[in-house]
Amino acid sequence: MTSRETFVILDFGGQYTQLIARKVRELGCYCEIAGPGLDYDSIASKHPKGLILSGGPSSVYDQGAPRIDPRLLGGAWPVLGICYGLQLEALELGGRVAPADRREYGHTRIQRSAPSRLLDGLPENLSVWMSHGDHVREPPPGFTVTARSGDDICAMEDAGRGIYGVQFHPEVAHTPDGKRILQNFLRGISGARDEWSMASFVSAAVAAIRQTIGDGRAICALSGGVDSTVAATLVHRAVGDRLTCIFVDNGLLREGEFERVMELYRSRMHLKVTGVRAADRFLQRLQGITDPERKRKIIGAEFIHVFQEEAENSGSADFLVQGTLYPDVIESVSVRGPSAVIKSHHNVGGLPDSMKLKLVEPLRELFKDEVRELGRQLAVPEEILERHPFPGPGLAVRCLGEVTPERLDVLRKTDRIFIEELRAAHLYNEIWQAFVVLLPVSSVGVMGDARTYENVVALRAVTSTDGMTADWARIPFEVLQRVSGRIVAEVRGVNRVVYDISSKPPSTIEWE
Ligand code: XMP
């Protein structure tokens with residue numbers, strides 16, 4: 001896999017860095033995002049086909065603003081600077097950057113002002129998306145200004161040295177010709193020939209996993225969700241039944257989920273799966289606990305116990321398969337640094353060192369939608385691929401207050417109704433995540449002629465692309481009305497339904 005054509009994107013903390021990576025991959029070129037501090041030798045050792053310098057929130061004149069090693073602009077590979085990246089090029093190579101007196105944001109029309117390899121095939125006048133503060137006032141010696149907006153420099157290049165820069169963002173949909181610009185850089189200028197695709201990924205990944213695991217054995221904790229299932233399927237394709245999977249019923253899954261998912265794993269996907277019924281253990285430990293962080297910690301710790309016991313029962317393993325995705329990996333390299341822990345997300349990363357398992361993370365290079373695509377290549381059932389994300393601590397963080405079998409029962413029934421109605425209205429796939437939250441309050445109602453004093457549930461449905469930010473879904477009132485009507489009629493113990501209209505931030509998706 002080391003010989004594949006790779007583009008490196010240096011991340012200066014811009015909001016669109018991941019989008020650049022997605023676009024480059026959509027154009028069939030493999031790329032990696034690296035922190036701005038990655039040294040010259042590490043970048044050179046990747047033999048990049050080209051280098052992209054991302055945008056960023058800083059002014060190049062800010063104290064501590066990220067800079068680059070000038071050797072990166074030495075002509076060993078083509079470079080495309082975007083926004084902050086363009087300003088860095090200008091600064092490092094002897095141009096002049098003027099600090100902004102205002103930030104420019106939005107659509108701008110630019111005019112081409114000289115022949116350009118980067119803008120090849122584009123109209124003389126094009127619409128682009130700007131989001132920046134500083135401006136390049138004077139290009140460095142040897143550079144030609146290839147596009148302007150009024151007097152402002154919007155694109156420049158030194159084709160001899162292979163250094164290109166744009167003030168605007170070609171990676172966003174608001175720049176209609178952006179794809180062509182990136183294509184020109186990747187194919188025309190950098191000469192990339194490979195076609196990165198999920199089909200090519202499968203064969204390369206299977207070969208790499210075989211090499212890593214060798215004759216060894218691997219285990220994997222399955223959750224019923226997309227990431228762990230696709231990771232396990234890929235490893236299974238590489239090493240067959242030397243992979244043992246473990247799926248734990250922690251008593252906090254949705255209605256019928258354990259049985260249904262086990263059935264899919266076994267009969268449709270032919271994975272070697274041990275199903276562990278451990279609901280009692282988890283629920284016992286959760287008795288009397290209402291604090292969300294304590295719930296999460298207890299569930300995480302208990303999960304590790306169960307997993308460890310089962311792993312020992314199934315014979316010795318050398319490798320642990322995890323469905324870590326690319327956004328989890330790059331979180332730690334960005335200039336923003338590792339994000340603050342808002343909620344402690346539980347996974348099997350906390351396994352004791354004594355188990356001495358080496359990690360296999362075959363999805364480390366992929367984005368969520370690429371994992372779905374990979375799943376399709378591997379014939380993972382659509383039912384699993386289209387499934388909304390579900391948190392490790394499951395219904396416990398949706399059952400506000402104490403987690404009891406009776407309250408979980410109410411939650412399961414109401415949640416099933418909500419999801420059924422979303423599917424019936426063809427809204428399920430439009431929504432990132434939808435679920436019901438059982439509140440720790442009772443409300444007064446009237447049913448027939450009698451006064452009731454019963455549970456309140458909240459419906460939560462959000463749209464999102466990565467779960468980092470989210471907006472509440474605009475579900476039609478008629479659908480909400482059907483859900484509310486059915487819940488109160490069909491689920492004993494609920495007399496009121498509310499809809500959560502909070503976005504993230506400032507709220508989170510889950511309530512706990
Ligand atoms: P929040 O609530 O932080 O959730 O906005 C963002 C996304 O993460 C999921 N989530 C979890 N996933 N273990 C997980 O595997 C967890 O402990 C956990 N907590 C939240 C949440 O469902 C949403 O998709």
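This one's a predicted model, so the numbers in the text were calculated from it and none came from an experiment. As the structure lists them, so they are numbered: ligands from 1, and atoms in each ligand from 1.
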Any nitrogen or oxygen of G392, main chain or side chain, under 3.5 Å from a nitrogen or oxygen of ligand 1?
yes
For ligand 1, find out whether one of its N or O atoms is nearer than 3.5 Å to an N or O atom of R398.
no
Does an N or O anywhere in I509 fall below 3.5 Å from an N or O of ligand 1?
yes
Sidechain N-carboxylate O distance under 4.0 Å for E293, K297
yes
The option among H388, Q433, K504 carrying the non-hydrogen atom nearest to atom 5 (O) of ligand 1 is K504
Pairwise ring-ring contact (aromatic ring centres under 6.0 Å, His included) hits with a residue in residues 398-426, at least two apart:
none
Check whether NZ of the Lys or CZ of the Arg R25 lies under 6.0 Å from the centre of the six-membered ring of F367 and within 45 degrees of that ring's axis.
no
Short side-chain donor-acceptor distance under 3.5 Å, N495 and S443
yes
Would you mind running through ligand 1 and noting each atom that sits below 4.0 Å from a heavy atom of P393?
13 (N), 16 (C), 17 (O)
Side chain, backbone, both or neither: which applies to P389 and ligand 1 if a contact is any heavy-atom pair less than 4.0 Å apart?
side chain
Please work out which of the three classes, parallel, tilted or perpendicular, describes the rings of W196 and Y30, given edges at 30° and 60°.
tilted
